[in-house]
Number of protein chains: 2
Amino acid sequence: MATEARRAIGERSTRQRTAVAAVLQEVDDFRSAQDLHQMLRRKGERVGLATVYRSLRAMADAGDIDILVTADGESLYRRCGQGAGHHHHLVCRGCGLTIEISAPAVERWASTVAVDHGFTDAQHTLDIFGTCQDCVDQEAAQAR
Amino acid sequence: MATEARRAIGERSTRQRTAVAAVLQEVDDFRSAQDLHQMLRRKGERVGLATVYRSLRAMADAGDIDILVTADGESLYRRCGQGAGHHHHLVCRGCGLTIEISAPAVERWASTVAVDHGFTDAQHTLDIFGTCQDCVDQEAAQAR
DNA sequence: GTCTATATTGACAATCGTTCTCAACAATCC
DNA sequence: GGATTGTTGAGAACGATTGTCAATATAGAC
Ligand SMILES: [Zn+2]
Ligand SMILES: [Zn+2]
Ligand SMILES: [Zn+2]
Ligand SMILES: [Zn+2]
């Protein structure tokens, strides 16, 4: 009988996973898997695209990175403040500038809404999108 | 000279668009475009898949239906309470039961967060996922 | 260090939702 | 009816993501 627990992905430390984690450290906004794969190639790191996807999924499952699904269904990844726990994002549509947001009041509200309607195991997604000051300034400069 | 404004998609009333709108009336939860296409076929309505996608997009652009993007990137569509304006959703992961939520306090909070960080044209996505009472009961019955 | 078991990798195929193409068609207006 | 032009549909194309599986690298035991 297999009493041994099934081991999760991401057990071994490899050059590829280290590289994916490293490239995530270099940026501060949400990036697609293909973006990150390109960045790795430019750095000379040879990592297969499938491995980038696998590493990202493992890191996301482990709670080390956040995933944001765009309106057209693409997944973007970001290394968020470690140990920050649950939080949300304010994201610039122009340049991708991302600000982490905590809102205990909203967390309580979401939990209450679920309970009031008899729902259990409630989770939620909440993201704010807008145009940051820098991008507004740039647009104004171009229009001149 | 073309002084006439470019007309948006959805100008003409066709059998196909009427059919797509009708099938959306028959369900109360979020459905994928392919789901709706299947429903139409079963009803004997002959509508091309591309037309289903086009109709849904037109209706969404017009604000007549809501789109919910799942974690794996699929778009789901739902006819929400007409004239209800901006709102959010509480969705059962099991059966898809959907409840529309209004939360003016959260709207104000989101707007404030954006303004405080210098963001303009702020929008947001907010959805709550859980397991409804019925689905909990069903699970309990099956485990017996 | 060597050996072994097995987790991991990568090139490529495959999948799947969605959009594009464009000739045939049909709604609207005269 | 006829002209105009938005709309349709079958299939190809697309793009992100996942599956395949033989070759490889890692961690641990010896
Ligand atoms: Zn910006
Ligand atoms: Zn939250
Ligand atoms: Zn349910
Ligand atoms: Zn809102």
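No hydrogens, no waters, no symmetry mates; every other heavy atom, side chains included, goes into these values. Throughout, protein chains are lettered first and strands after them, A, B, ... in sequence-line order, and every chain is numbered starting at 1. A quick note: this is a predicted structure, and the numbers were derived from the prediction, not measured.
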Rounded to the Å, how far apart are [X] [atom1] and [N] [atom2]?
X     : N      : atom1 : atom2 : answer
B:L49 : C:dC20 : CG    : P     : 14 Å
B:R31 : C:dG17 : CZ    : P     : 15 Å
B:Q34 : C:dC16 : CD    : P     : 10 Å
A:D35 : D:dG15 : CG    : P     : 14 Å
B:L68 : C:dG17 : CG    : P     : 16 Å
B:H37 : D:dG11 : NE2   : P     : 12 Å
B:Q38 : C:dG17 : CD    : P     : 11 Å
A:R17 : C:dG10 : CZ    : P     : 11 Å

For B:L56 and B:A33 the tightest heavy-atom approach is CD1-CB, 3.7 Å
Short side-chain N/O contact to C:dT19 OP1/OP2 from B:Y53, under 4.0 Å
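It does not, given that no N or O in the side chain of B:Y53 lies less than 4.0 Å from OP1 or OP2 of C:dT19.
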Given C:dC20, is OP1 or OP2 found less than 4.0 Å from the side-chain N or O atoms of B:R54?
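Answer is no, no contact under 4.0 Å.
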Audit row: B:R93, A:Q123, side-chain contact (heavy atoms from CB on, under 4.5 Å) steps and yes/no:
CA-CA 10 Å; B:R93 277 186 289 258; A:Q123 296 188 333; 3.9 Å; yes
In residues 70-77 of chain A, what residues come within less than 4.0 Å of DNA chain D, judged by heavy atoms?
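By residue number: A:E74, A:S75.
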Between the protein and nucleotides 25-29 of chain D, which nitrogen or oxygen pairs come in under 3.5 angstrom?
from: D:dT26; atom 1: O2; to: A:R12; atom 2: NH1; distance (Å): 2.8
from: D:dT26; atom 1: O2; to: A:R12; atom 2: NH2; distance (Å): 3.4
from: D:dA27; atom 1: OP1; to: A:S13; atom 2: N; distance (Å): 3.3

Who else is in the cluster with A:I128 when I, L, V, M, F, W and Y are joined by side-chain contacts under 4.5 Å?
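Result for A:I128 is A:L90, A:L97, A:I99, A:I101, A:V106, A:W109, A:V113, A:F119, A:L126, B:L90, B:L97, B:I99, B:I101, B:V106, B:W109, B:V113, B:F119, B:L126, B:I128.
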Among D:dT17, D:dT7, D:dG19, the one nearest A:R57 by side-chain distance:
D:dG19
Is there any ring-ring contact (aromatic ring centres under 6.0 Å, His included) pair reaching into residues 39-71 of chain A, and which pairs are they, with sequence neighbours excluded?
none
Do any pairs count as a salt bridge (charged side-chain N to carboxylate O under 4.0 Å, His left out) and have a residue in residues 22-40 of chain A, sequence neighbours left out, and if so which ones?
A:E26-A:K43, A:D28-A:R78, A:D29-A:R31
Scan residues 107-132 of chain B for pairs that pass salt bridge (charged side-chain N to carboxylate O under 4.0 Å, His left out), counting only residues two or more places apart or in two chains.
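Residue pairs with at least one partner in residues 107-132 of chain B: there are none.
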Under the ring pair (Phe, Tyr, Trp, His ring centres under 6.0 Å) rule, collect the residues that match up with B:H124, sequence neighbours excluded.
B:H86, B:H88
A:F30 meets the ring pair (Phe, Tyr, Trp, His ring centres under 6.0 Å) criterion, sequence neighbours left out, with A:H89
Side chains of residues 132-139 of chain A: which donor-acceptor pairs under 3.5 Å do they make with residues two or more places apart or in other chains?
from: A:Q133; atom 1: NE2; to: A:D137; atom 2: OD1; distance (Å): 3.1

Could you work out how much the helix from C:dG1-D:dC30 to C:dC30-D:dG1 bends, comparing the axis of its first five pairs with that of its last five, to 10°?
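Helix axis angle between the two ends: 40°.
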Who passes salt bridge (Lys or Arg N to Asp or Glu O under 4.0 Å) against A:R15, sequence neighbours left out?
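With sequence neighbours excluded, A:R15 shows a salt bridge (Lys or Arg N to Asp or Glu O under 4.0 Å) to A:E45, given in chain and number order.
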Using the side chain to side chain donor-acceptor pair (under 3.5 Å) criterion, which residues pair with A:T18? Sequence neighbours excluded.
none
